[in-house]
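Written below as structure tokens is the structure these notes are about.
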Protein chains: 2
Amino acid sequence: MSARQALISVAERLFAERGIPAVSMREVAAAAGQGNTSAVRYHFGSRNGLVDAIFTYRMARIDERRRAFLAARPEAHDDPRFLLEALVFPLAESIGHEDGESWYARFLAQVAFQPGFDSFSGARRDVTRGLRVVVDGLRRRVEGLDPPLGDLRITRVMQVVIHGLAEHEASMARGAAALPTSALAADLVDGAAAVLAAPVSSLTLAEMARTRLKGA
Amino acid sequence: MSARQALISVAERLFAERGIPAVSMREVAAAAGQGNTSAVRYHFGSRNGLVDAIFTYRMARIDERRRAFLAARPEAHDDPRFLLEALVFPLAESIGHEDGESWYARFLAQVAFQPGFDSFSGARRDVTRGLRVVVDGLRRRVEGLDPPLGDLRITRVMQVVIHGLAEHEASMARGAAALPTSALAADLVDGAAAVLAAPVSSLTLAEMARTRLKGA
DNA sequence: GCAGGGCTAACGCACTTGTATTAATATGAA
DNA sequence: TTCATATTAATACAAGTGCGTTAGCCCTGC
């Protein structure tokens, strides 16, 4: 394994276990077997460069599987449940039955919701082409709602999926997972579908109308 | 304002904005106007002590309102929607129309899902009595499901609510909130109710049966 | 062979960190 | 007032931090 690859793997684990800002670049280098204290700086430029590299390295394979999943049923691209499966399953596979433990979900949960982080810009764009298809499809699904509610639903689906997987990954790590990953993934799709299609209550409608009047 | 109180307020903001491990104790003390670099250590013992103090300080008022909300309708303690309102509204009020900006939701999102964190133990127990009523009520609601699924639903509700509020708080901070807090809170109840009551798909049932056989 | 460039090791520097110690000051009860 | 106690200020120190520089290594193309 190349030094660059070792740095990525080791950093992914340390970041997931202890939080990204809590890990020093020296420690990453040392844990990757590098005598050089500036190894991370040399290979990735900065801490953010390393974070990007981890994100991209894993997401490349995941999104590849996602595109394959989508391509298998082009006629179903308007079925929200199918889209959610395309969102969840490739992620779940990558944390489930690899040979050993996994850390990517916990890493992703820290990165994906940082203010200013954009999954579709820069070097990340190439490894989120499948994700974009999913998000666009889901967006079409919530077009009937008030625009602010629709956007909210999309983010909420992402939160449910990513934090749900991260929580599961942590449970597995401490040997306390109540379900195998495949079952959890299926349940996660159920939950995400429910969030997406949740009926808008009369209270919500009233509250939106009330505050809209007030604002005008 | 006492020094202790100033430290709590300032630390809450810094932790929310930059992440708990990324903020040094010196910086907290300095930002609170303390010349003493060991002020946090003196008042709270450690970083964790400070985190506990922030959690407790805010949660005391929030849970008080929650208990009042619950007490207003004792006959509705079996209505999941009412329980979710008791969960969400007091939290939402504390981040919505206070005079200024708020940071507690983002702080809470970092703390509440840390492995090993228990909202109901130690000094936190007193300020989560209302929360316990809610959780117990919700638990009764999911008794019909397979036990692992029920627990999963409860955690998922918590994730939706806390991360949903944190996201909203961050949006407000950058002036990009699509909805006022009261409307978002109502929508969050809709989402949480949907997650709680999401039907278990045939795929999930099949996956659970399959993997249970395999394990036996 | 051998020159060159990519990679690694070793080390330095200025600065920050948690932790501690001691002195000064505020506070409140007798 | 007076004195004990609680709080704050002013430093100190060893360890760790990001960042940078220099020198050696290995491997490939010529």
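Letters go in sequence order (proteins before strands), and every chain restarts at 1. Hydrogens, waters and symmetry mates are skipped; everything else that's a heavy atom, side chains included, is used.
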Query raised in the report: Hey, is the side chain of B/Y42 poking within less than 4.0 Å of OP1 or OP2 on D/dT7, counting only N and O atoms?
Result: yes
Query - Validation row, ring centre A/F55 to ring centre A/F117 under 6.0 Å - result: yes
Query raised in the report: Would a line drawn from the ring center of B/H163 to the ring center of A/F113 be shorter than 6.0 Å?
Result: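 No.
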**Report entry** Carboxylate-amine/guanidinium proximity below 4.0 Å for B/R210 and B/E207
**Finding:** yes
Query raised in the report: Less than 4.0 Å between a side-chain N and a carboxylate O, is that true for A/R124 and A/D52?
Result: yes
Quick one: [X] [atom1] to [N] [atom2], roughly how many Å, whole number?
X	N	atom1	atom2	answer
A/E27	C/dT17	CD	P	17 Å
B/M25	D/dT8	CE	C1'	18 Å
B/F44	C/dG18	CZ	P	15 Å
B/R4	C/dT27	CZ	C1'	18 Å

Query raised in the report: Any luck finding a side-chain donor-acceptor pair between B/D190 and A/T204 under 3.5 Å?
Result: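 There is such a pair (donor and acceptor under 3.5 Å, judged by atom type) between the side chains of B/D190 and A/T204.
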Query raised in the report: Should B/D136 and B/R140 be marked as a salt bridge (charged side-chain N to carboxylate O under 4.0 Å, His left out) after you check the CA-CA gap, both sets of side-chain angles, and the distance that decides it?
Result: CA-CA 6 Å; B/D136 286 348; B/R140 242 173 291 129; 5.9 Å; no
Query raised in the report: For atom CZ of A/R141, is the number of surrounding heavy atoms from other residues, nucleotides or ligands below 6.0 Å larger than 12?
Result: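 No.
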Query - Crowding at CZ, B/R18 (>12 non-hydrogen neighbours, <6.0 Å) - result: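 Yes, the 6.0 Å shell around CZ holds more than 12 heavy atoms from other groups.
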Query - Straight-line distance of A/F89 CZ to A/R65 CZ, nearest 0.5 Å - result: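 Going from CZ on A/F89 over to CZ on A/R65, the span is 13.0 Å.
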Query - Over-ring placement of A/R132 relative to A/F120, 6.0 Å and 45° cut-offs - result: yes
Query raised in the report: Could you run down nucleotides 9-16 of chain D 5' to 3' and tag each one B, S or - for protein heavy-atom contact under 4.0 Å?
Result: BBBB----
Query raised in the report: Quick one: ring-ring contact (aromatic ring centres under 6.0 Å, His included) partners of B/H168, sequence neighbours excluded?
Result: none
Requested in this report: Please name all residues satisfying ring-ring contact (aromatic ring centres under 6.0 Å, His included) with A/F82, sequence neighbours left out, ordered by chain then number.
Outcome: A/F69
Report task. Could you check whether A/A3 gets within reach of a base, just the sugar-phosphate, or nothing at all, counting any heavy atom under 4.0 Å? Result ->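 Sugar-phosphate, no base atom in range.
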**Report entry** Audit row: A/S102, A/E169, side-chain hydrogen bond (donor to acceptor under 3.5 Å, both in side chains) steps and yes/no
**Finding:** CA-CA 7 Å; A/S102 71; A/E169 192 183 67; 2.9 Å; yes
**Report entry** Side chain of B/R41 - closest among C/dG6, D/dT8, C/dT19
**Finding:**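 In terms of side-chain proximity for B/R41, the closest of C/dG6, D/dT8, C/dT19 is C/dT19.
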Report task. Go through D/dT8, D/dG18, C/dC7 for me and flag the one nearest to the B/H43 side chain. Result -> D/dT8
Report task. Could you check which residues of residues 11-21 of chain B get a heavy atom under 4.0 Å from DNA chain D? Sort them by number, please. Result ->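 Per residue number, the list is empty: none.
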Tabulate protein N/O versus nucleotide N/O from nucleotides 25-29 of chain D, keeping only pairs under 3.5 Å, one per line.
none

Report task. Convert the base pairs of DNA chain C into dot-bracket notation, remembering that pairs crossing earlier ones are written with [ ] and that bases paired across to another strand are shown as |; include only Watson-Crick or G-U pairs under 3.5 Å. Result -> ||||||||||||||||||||||||||||||
